[in-house]
Amino acid sequence: MKKSTFPDPFKSSRANNGTGEINDQNDPALMLFRHKDVRKCAHNWKTFQSGAKPGRIVIPSEVNIRDVRQIPFEVDPPEHKSYRELVEPWFKRPLKDSYQKALRKQINIIIENAIHTNTVDIVSELALILQSRALTLLLNVPFEESKTWISWGTHVFRSEETALDASKANILYDYIDEQIEKSIENPGEDLYSVLLNAEIDGQKLSKEEVKGVMVLTFAGGRDTVINAVTNTIAYFAEHPESLDRLRKSPNLLKFTIEELIRYFSPLTQMGRVSTEDTKVCEHAVKKNERISLVWAAANRDPSVFEDPNNVILDRKINPHVAFGFGVHNCLGATHARQIIKMLVETLMEKVENIEILDAKENIEDLGDFKRKVGFEKINVKFNSK
Ligand code: EMZ
């Protein structure tokens with residue numbers, strides 16, 4: 001199997017009955033695998049809610065390591081709408097020319113550096129750095145901050161020893177508390193200050209609410225972006241012909257980006273909590289029980305995607321749900337798309353080929369299902385054009 005092949009562990013269950021079960025820390029969830037079911041339940045926020053106990057809709061559940069409610073992601077309509085409208089324009093800034101120029105510059109430096117280094121572990125020496133530096137632009141804070149975040153490693157809540165590491169989570173919370181205090185004393189043009197000044201229905205956001213947005217911004221786009229960047233590079237390492245094809249037809253790039261995101265589906269799943277006794281795919285779901293919307297499985301559903309297990313560079317019809325679906329669709333998607341776009345453009349421009357020297361896969365253990373999401377490490381050599 002190629003290193004950049006990402007198998008679909010949900011294939012037979014999706015075909016058989018469309019569901020699975022995960023016993024996550026004794027809070028089981030009914031996993032939904034079919035595109036239609038995933039979209040239907042994601043859309044039905046009245047029955048399947050996000051505003052449960054903080055951390056409970058995440059799988060693996062984070063209830064034991066945090067009590068900060070992530071905003072807007074753990075809030076339901078109608079409150080959700082005001083929060084979302086408040087933060088949306090800020091998270092659309094990556095569409096601005098000046099933002100794109102700054103991001104492109106950072107990516108250029110990182111790829112140039114990689115070209116001039118013998119072997120590079122893409123995860124720790126490229127993707128982590130890229131994600132952290134790009135985040136300084138999204139937050140509009142000094143570049144130096146990225147050094148602190150890089151020192152935290154790839155996941156803010158997981159460490160090598162434990163899947164859910166409370167002490168690690170505390171580093172992030174303390175850091176954010178400190179930044180909020182600094183911005184209160186010395187307001188600037190960063191996201192903390194913008195949020196601290198913002199109002200909903202004439203009321204300023206509380207520190208706790210600001211913290212909720214910031215924790216989501218740090219946690220939600222961390223390992224997901226790192227995996228997307230790493231996997232994209234691994235894909236082009238093993239498919240130099242694809243890079244050539246894009247050089248010849250750069251207008252395909254917009255399809256390629258969506259296709260890579262569909263294929264990798266960096267966020268495997270997200271849970272919801274039922275507000276009533278109901279039935280999903282012939283399964284009884286009781287009030288206060290969890291379901292899981294398995295984006296990664298929906299994205300390989302052969303009834304929606306022809307040849308779902310292959311990357312089709314110019315796939316035109318691509319209703320993937322890698323960024324979720326419905327009111328909670330990913331706030332960071334604009335930024336993530338720009339990162340992948342500029343990364344691929346920079347590879348097209350500067351890189352002749354990439355050799356994979358060795359790799360250790362990162363496999364998510366979902367009980368009955370094991371899913372490759374990325375790499376623990378992957379050493380490569382970039383050869384410049
Ligand atoms: C949560 C989640 C959000 C969670 C869009 O996903 O991402 C996970 O990586 C975090 O652990 O807390 O932010």
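Counting convention: from 1, in listed order, for ligands and their atoms alike. Sequential numbering from 1 along the given sequence is applied to the chain's residues.
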Enquirer: Using the benzene-type ring in the case of Trp, are the ring centres of H320 and F305 under 6.0 Å apart?
Expert: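 Centroid separation for H320 and F305: 6.0 Å or greater.
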
Enquirer: To check your reading of the model: name the closest protein heavy atom to atom 7 (O) of ligand 1, its residue, and the distance in Å.
Expert: G220 CA, 3.6 Å

Enquirer: Closer than 4.0 Å to some heavy atom of D223 - which atoms of ligand 1 meet that?
Expert: 9 (O)

Enquirer: At what distance is the nearest protein heavy atom to atom 5 (C) of ligand 1, and which residue and atom is it?
Expert: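 The answer is L267 CD2, 4.0 Å.
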
Enquirer: Nearest non-hydrogen atom to atom 8 (C) of ligand 1 belongs to which of A219, P60, A169?
Expert: A219

Enquirer: In this structure, which one of T19, N17, L30 forms a side-chain contact (heavy atoms from CB on, under 4.5 Å) with C281?
Expert: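 Result for side-chain contact (heavy atoms from CB on, under 4.5 Å) with C281: T19.
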
Enquirer: Do R104 and Y99 form a cation-pi contact, if we require the NZ or CZ to be under 6.0 Å from the six-membered ring centre and within 45 degrees of the ring's axis?
Expert: no

Enquirer: Which residue and atom name correspond to the protein heavy atom nearest atom 13 (O) of ligand 1, and how close is it?
Expert: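 I find the closest protein heavy atom is Q70 OE1, 2.6 Å.
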
Enquirer: Heavy-atom distances under 4.0 Å decide this one: backbone, side chain, both or neither, for V215 against ligand 1?
Expert: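 Answer for V215: neither.
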
Enquirer: I'd like to know if the side chain of Y263 and the backbone of F6 have a donor-acceptor N/O pair within less than 3.5 Å.
Expert: yes

Enquirer: Quick check on contacts: which atoms of ligand 1 are under 4.0 angstrom from a heavy atom of L216?
Expert: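 Reading through ligand 1 atom by atom, the close ones are 13 (O).
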
Enquirer: State whether a side-chain donor-acceptor pair under 3.5 Å links S61 with Q25.
Expert: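 No donor-acceptor contact under 3.5 Å links the two side chains.
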
Enquirer: Ion pair present between E185 and K182, side-chain N to carboxylate O less than 4.0 angstrom?
Expert: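 Here E185 does not pair with K182 in a salt bridge, since their nearest N and O are not under 4.0 Å apart.
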
Enquirer: For atom 6 (O) of ligand 1, what is the closest protein heavy atom, and at what distance to 0.1 Å?
Expert: M270 CE, 3.7 Å

Enquirer: What is the closest protein heavy atom to atom 10 (C) of ligand 1, and at what distance does it sit?
Expert: E62 OE2, 3.5 Å

Enquirer: Looking at N231 and V373, would you say the former's side chain and the latter's main chain have a donor-acceptor pair under 3.5 Å?
Expert: yes

